[in-house]
Amino acid sequence: MLVLEKDEMVQNFIAQQNDLKEHISLQNNFLENQISLVAGLDIAYWHKNNKEYGACCIQVFDFRSKNLIEQVSYINEITVPYISGFLAFRELPLILEAVKKLKTQPSLYMFDGNGYLHKRHMGIATHASFYLKKPTIGVAKTYYKIENIDFTMPENIAGAFTDIVIDGEVFGRTLRSRKNVKPIFVSCGNWIDLDTATNITMHFIDKDSRLPIPVRYADLATHQARKLHQDDV
DNA sequence: GCGACAG
DNA sequence: ATCTTGTCGC
């Protein structure tokens with residue numbers, strides 16, 4: 001891809017995100033006791049015949065029992081390159097096709113990546129919410145640095161957190177989901193507040209991972225889907 | 001030229 | 001994200 005083309009593409013991406021960001025809401029548009037199904041979502045990649053492919057997996061869990069209710073996957077060629085800050089444009093096409101295959105209707109979606117914790121407040125969790133039309137939460141495994149601001153390490157206690165504040169505004173939260181693990185980075189996607197997003201994330205933490213169950217299992221599912229696809233041919 | 005860089 | 005085995009520690 002030519003440098004000039006990429007630059008034009010990025011300008012287009014920024015324009016799209018600036019339109020959408022005007023409609024972000026950091027308030028719950030639901031009652032916490034109304035949450036029934038929570039979806040986790042992830043994508044794995046591989047190369048074949050000089051092309052790049054991706055497998056998007058969605059795992060739907062019952063909020064109270066934490067039982068797996070439904071799982072779907074969708075595999076297709078990936079056409080948009082990875083550009084830091086524009087993850088949604090790369091992953092959204094697969095995500096939307098996978099969502100079409102769902103028979104259940106999740107109350108909210110949890111993403112592997114940021115939401116409001118983004119230089120334009122438009123990480124994939126926030127960006128995707130406008131297409132899913134459901135509340136979303138962003139859960140990132142590594143810190144996405146904004147304006148050279150570092151995060152403050154929270155105490156080594158399960159549930160401890162520090163907020164990531166830039167120019168007086170809370171962008172997201174560094175959360176120690178379990179004792180003796182690296183923290184994760186939780187941020188609002190849309191139509192949810194940060195405390196609720198944190199509570200839901202902690203609700204889905206078990207002894208096996210620092211990541212919440214829906215995101216963790218979606219990640220495992222994408223690896224399995226990739227392996228099946230590769231063994232197939 | 002060098003370092004940064006969610007997934 | 002992906003390429004990759006064993007190994008140290010709870």
Side-chain angles (χ1 to χ4, degrees), chain A residues 3 6-7 9-10 13-14 17 21 40-58 73-96 98 109-129 136-151 156-158 164 166 171-190 197 201 206-212 214-227 229-230:
Chain A
V3 175
K6 176 177 171 180
D7 192 55
M9 183 172 67
V10 166
F13 286 172
I14 292 174
Q17 291 193 328
K21 72 187 280 191
L41 197 153
D42 195 19
I43 294 179
Y45 299 92
W46 67 93
H47 291 274
K48 183 174 184 174
N49 297 332
N50 224 359
K51 289 182 176 180
E52 184 174 31
Y53 293 87
C56 175
C57 292
I58 304 177
S73 65
Y74 177 78
I75 293 175
N76 204 355
E77 186 181 348
I78 298 286
T79 57
V80 179
Y82 170 72
I83 306 172
S84 179
F86 303 95
L87 188 59
F89 296 97
R90 174 169 165 86
E91 302 200 333
L92 209 39
L94 261 63
I95 291 171
L96 296 180
Y109 291 81
M110 301 184 79
F111 282 79
D112 187 340
N114 295 308
Y116 202 75
L117 177 54
H118 179 277
K119 43 193 159 187
R120 285 177 303 281
H121 295 320
M122 283 295 290
I124 188 167
T126 306
H127 196 133
S129 73
T136 58
I137 297 172
V139 179
K141 296 183 291 296
T142 61
Y143 180 55
Y144 182 30
K145 202 170 191 178
I146 300 167
E147 292 185 16
N148 210 31
I149 302 295
D150 286 310
F151 66 88
N156 188 15
I157 299 173
I164 297 162
I166 300 169
F171 276 51
R173 185 166 279 178
T174 306
L175 175 65
R176 186 86 69 171
S177 56
R178 294 170 48 204
K179 184 177 171 60
N180 297 330
V181 298
K182 292 190 300 182
I184 58 178
F185 302 86
V186 176
S187 60
C188 302
N190 205 353
T201 300
D206 68 10
K207 65 179 178 59
D208 297 321
S209 175
R210 70 188 173 113
L211 295 173
V215 171
R216 172 59 177 155
Y217 278 73
D219 179 57
L220 291 174
T222 60
H223 294 338
Q224 293 167 358
R226 176 176 55 198
K227 182 165 178 28
H229 191 78
Q230 290 176 329

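First the proteins, then the strands, lettered A, B, ... as listed; each starts at 1.
Using a 4.0 Å cut-off, no side-chain N or O of Ser84(A) falls inside it from OP1 or OP2 of dA4(B). Of the side-chain N and O atoms in Tyr82(A), one or more sit less than 4.0 angstrom from OP1 or OP2 of dA6(B).
Across all strands shown, His118(A) has heavy atoms under 4.0 Å from base atoms, whether or not it also approaches the sugar-phosphate. Contacts of Phe185(A) with the nucleic acid, taken as non-hydrogen atoms under 4.0 Å apart, are absent. Contact annotation for Ile124(A): base contact, defined as any heavy-atom pair under 4.0 Å involving a base atom. Base contact: Asn114(A) has a heavy atom under 4.0 Å from a base atom. Within 4.0 Å (heavy atoms only), His223(A) reaches sugar-phosphate atoms of the nucleic acid but no base atom. Nucleic acid contact for Gly85(A): base, since at least one base atom lies under 4.0 Å from a heavy atom of the residue. Counting non-hydrogen atoms under 4.0 angstrom, Phe111(A) reaches nothing in the nucleic acid.
Atom pair Ile149(A):CD1 and dA4(B):C1' shows a separation of 16 Å (rounding to whole Å applied). If you measure from atom NZ of Lys179(A) to atom C1' of dG9(C), you get 15 Å, rounded to the nearest angstrom. Residue Glu91(A) contributes atom CD, which lies 10 Å from atom P of dT2(C) at whole-angstrom precision. In this structure, the CG atom of Asp42(A) is 15 Å from the P atom of dA6(B), given to the nearest Å. Per the geometry, CZ belonging to Phe171(A) stands 16 Å off P belonging to dA6(B), to the nearest Å. Going from atom CZ of Arg90(A) over to atom P of dC5(B) covers 18 Å, rounded to whole Å. One interatomic measurement links the two molecules: CG of Leu175(A) to P of dA6(B), which rounds to 19 Å at whole-angstrom precision. Atom CD1 of Ile184(A) and atom C1' of dG7(B) are 16 Å apart (whole Å).
Put simply, the side chain of Arg210(A) never gets that close to the backbone of Arg176(A): no donor and acceptor are under 3.5 Å apart. Counting only distance, with no hydrogens or angles, the side chain of Asn156(A) and the backbone of Asn180(A) share a donor-acceptor pair below 3.5 Å. Between the side chain of Asn49(A) and the main chain of Lys51(A), no donor-acceptor pair closer than 3.5 Å is present. Looking only at distances, no side-chain donor or acceptor of Thr222(A) sits under 3.5 Å from a matching main-chain atom of Cys57(A). Side chain of Thr136(A) to backbone of Ala125(A): a donor-acceptor contact under 3.5 angstrom is found.
Side-chain atoms of Tyr144(A) and Leu87(A), non-hydrogen and from C-beta on, never get closer than 4.5 Å to each other. In this structure, Trp46(A) and Ile75(A) have side chains that are in contact, with non-hydrogen atoms separated by less than 4.5 Å. In this structure, Ile43(A) and Arg90(A) have side chains that are not in contact, with every pair of non-hydrogen atoms separated by 4.5 Å or more.
Ring geometry for Tyr143(A) versus Phe151(A): interplanar angle over 60°, hence perpendicular rather than tilted (30 to 60°).
Between the C1' atoms of dC5(B) and dT2(C), the separation comes to 15 Å (whole Å).
With dT2(C), dC5(B), dG7(B) as the candidates, the nucleotide lying closest to the side chain of Lys145(A) is dC5(B). Side chain of Tyr144(A), nearest nucleotide from dT2(C), dC5(B), dG7(B): dC5(B).
Centroid-to-centroid, the aromatic rings of Phe171(A) and His121(A) come within less than 6.0 Å.
Counting heavy-atom neighbours within 6.0 Å of Lys182(A) NZ, excluding the residue itself, gives a total of 12 or less.
Taken together, the pairs of DNA chain B form no segment extending over three or more consecutive Watson-Crick or G-U pairs closer than 3.5 Å at both contacts.
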Quick test: give all pairs of protein nitrogen or oxygen and nucleotides 3-5 of chain C nitrogen or oxygen below 3.5 Å, distance rounded to 0.1 Å.
none

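Sequence order on DNA chain C of the closest nucleotides to Ile43(A) and Asn180(A) puts Ile43(A) first from the 5' end.
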